[in-house]
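First comes the structure, then the notes that go with it.
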Amino acid sequence: MNCVFCDIAAGRRQAAIVYEDEQVVAFHDINPQAPVHVLVIPRAHIPGPLAVEAPHEALAGHMLAVAGQVAQELGIASDGYRLVLNQGTMGGQSVFHLHLHLLGGRRMRWPPG
């Protein structure tokens, strides 16, 4: 399998990592859409949100908790931030490995699309 996020999680590709543990890795997006734009990915290859099943529920919750912790550490938690999950090409997914976008450091617009 040729997956850039699997390569980052395995340490085969460089990334500006801000958090990692045995389940997830969080790193700065190379194409930031906000002053703070971090991706939280599972080490396990899960193609996207639609592939999250019952065995992944704890992992999905852990991804949310890590995003909150990273938001605190990067100083954006008190002002607020946005979390985004994209599913499929029409949903804006460009890397088919589950990833949570943590965006902050500016006012978010609505609607986002």
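Position 1 is the first residue of the sequence; numbering continues from there.
- Arg106 has its side chain out of reach of Tyr81: every pair of non-hydrogen atoms, C-beta onward, lies at least 4.5 Å apart.
- Scanning all heavy atoms of the two residues, the minimum distance from Gly104 to Ala34 falls at O-CB, 3.5 Å.
- The heavy-atom pair separating Pro35 from Gly105 by the smallest distance is CG-O, 3.5 Å.
- For the side chain to side chain contact (heavy atoms under 4.5 Å, CB included) test with Val18, the passing option among Val36, Val70, Val25 is Val70; the others fail.
- Note on Ile46: it clusters hydrophobically with Leu83, by side-chain heavy-atom contacts below 4.5 Å among ILVMFWY residues.
- Atom CG of Leu50 sits about 12.0 Å away from atom CG of Leu85, to the nearest 0.5 Å.
- Between the SG atom in Cys3 and the NE2 atom in His45 there is a gap of 5.0 Å [rounded to 0.5 Å].
- For the atom pair CG (Asp7) and CZ (Arg12), the distance works out to 4.5 Å, reported to the nearest 0.5 Å.
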Can you check side chain to side chain contact (heavy atoms under 4.5 Å, CB included) on Tyr19 and Val24, steps first, answer last? CA-CA 8 Å; Tyr19 177 89; Val24 302; 3.9 Å; yes
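- Under a 3.5 Å cut-off, the side chain of Gln93 and the backbone N or O of Val95 do form a donor-acceptor pair.
- A chain of hydrophobic side-chain contacts below 4.5 Å, direct or via other Ile, Leu, Val, Met, Phe, Trp or Tyr residues, connects Leu100 to Val52.
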Could you check Leu102 against Ile76 for side chain to side chain contact (heavy atoms under 4.5 Å, CB included), going step by step and ending with a plain yes or no? CA-CA 10 Å; Leu102 166 62; Ile76 62 169; 4.1 Å; yes
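- Heavy atoms of other residues, nucleotides or ligands lying less than 6.0 angstrom from CZ of Arg107 number 12 at most.
- For the pair Pro112/Arg82, a side-chain contact is recorded, criterion being any heavy-atom separation below 4.5 Å from C-beta on.
- Atoms CD1 and CD, on Ile41 and Glu20 in that order, are 10.0 Å from each other to the nearest 0.5 Å.
- Taking every heavy atom of both residues into account, Gln87 and Gly48 meet most closely at OE1-C, 3.6 Å.
- The structure places CZ of Arg43 at 11.5 Å from CG of Leu59, a figure rounded to the nearest 0.5 Å.
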Can you check side chain to side chain contact (heavy atoms under 4.5 Å, CB included) on Val4 and Arg13, steps first, answer last? CA-CA 8 Å; Val4 64; Arg13 186 178 291 227; 3.3 Å; yes
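- Two residues are said to be in side-chain contact when any heavy atoms from C-beta on lie closer than 4.5 Å; Leu74 and Val38 meet this criterion.
- If you take CD1 on Ile8 and NE2 on His99, they are separated by 10.5 Å, rounding to the nearest 0.5 Å.
- Considering all non-hydrogen atoms of both residues, Leu98 and Pro49 come closest at CD1-N, 3.6 Å.
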Using side chain to side chain contact (heavy atoms under 4.5 Å, CB included), reason through Gln23 and Met63 one step at a time and then give a plain yes or no. CA-CA 9 Å; Gln23 297 179 74; Met63 289 173 67; over 6 Å; no
Can you check ring pair (Phe, Tyr, Trp, His ring centres under 6.0 Å) on His101 and His37, steps first, answer last? CA-CA 7 Å; His101 295 261; His37 188 170; 5.0 Å; yes
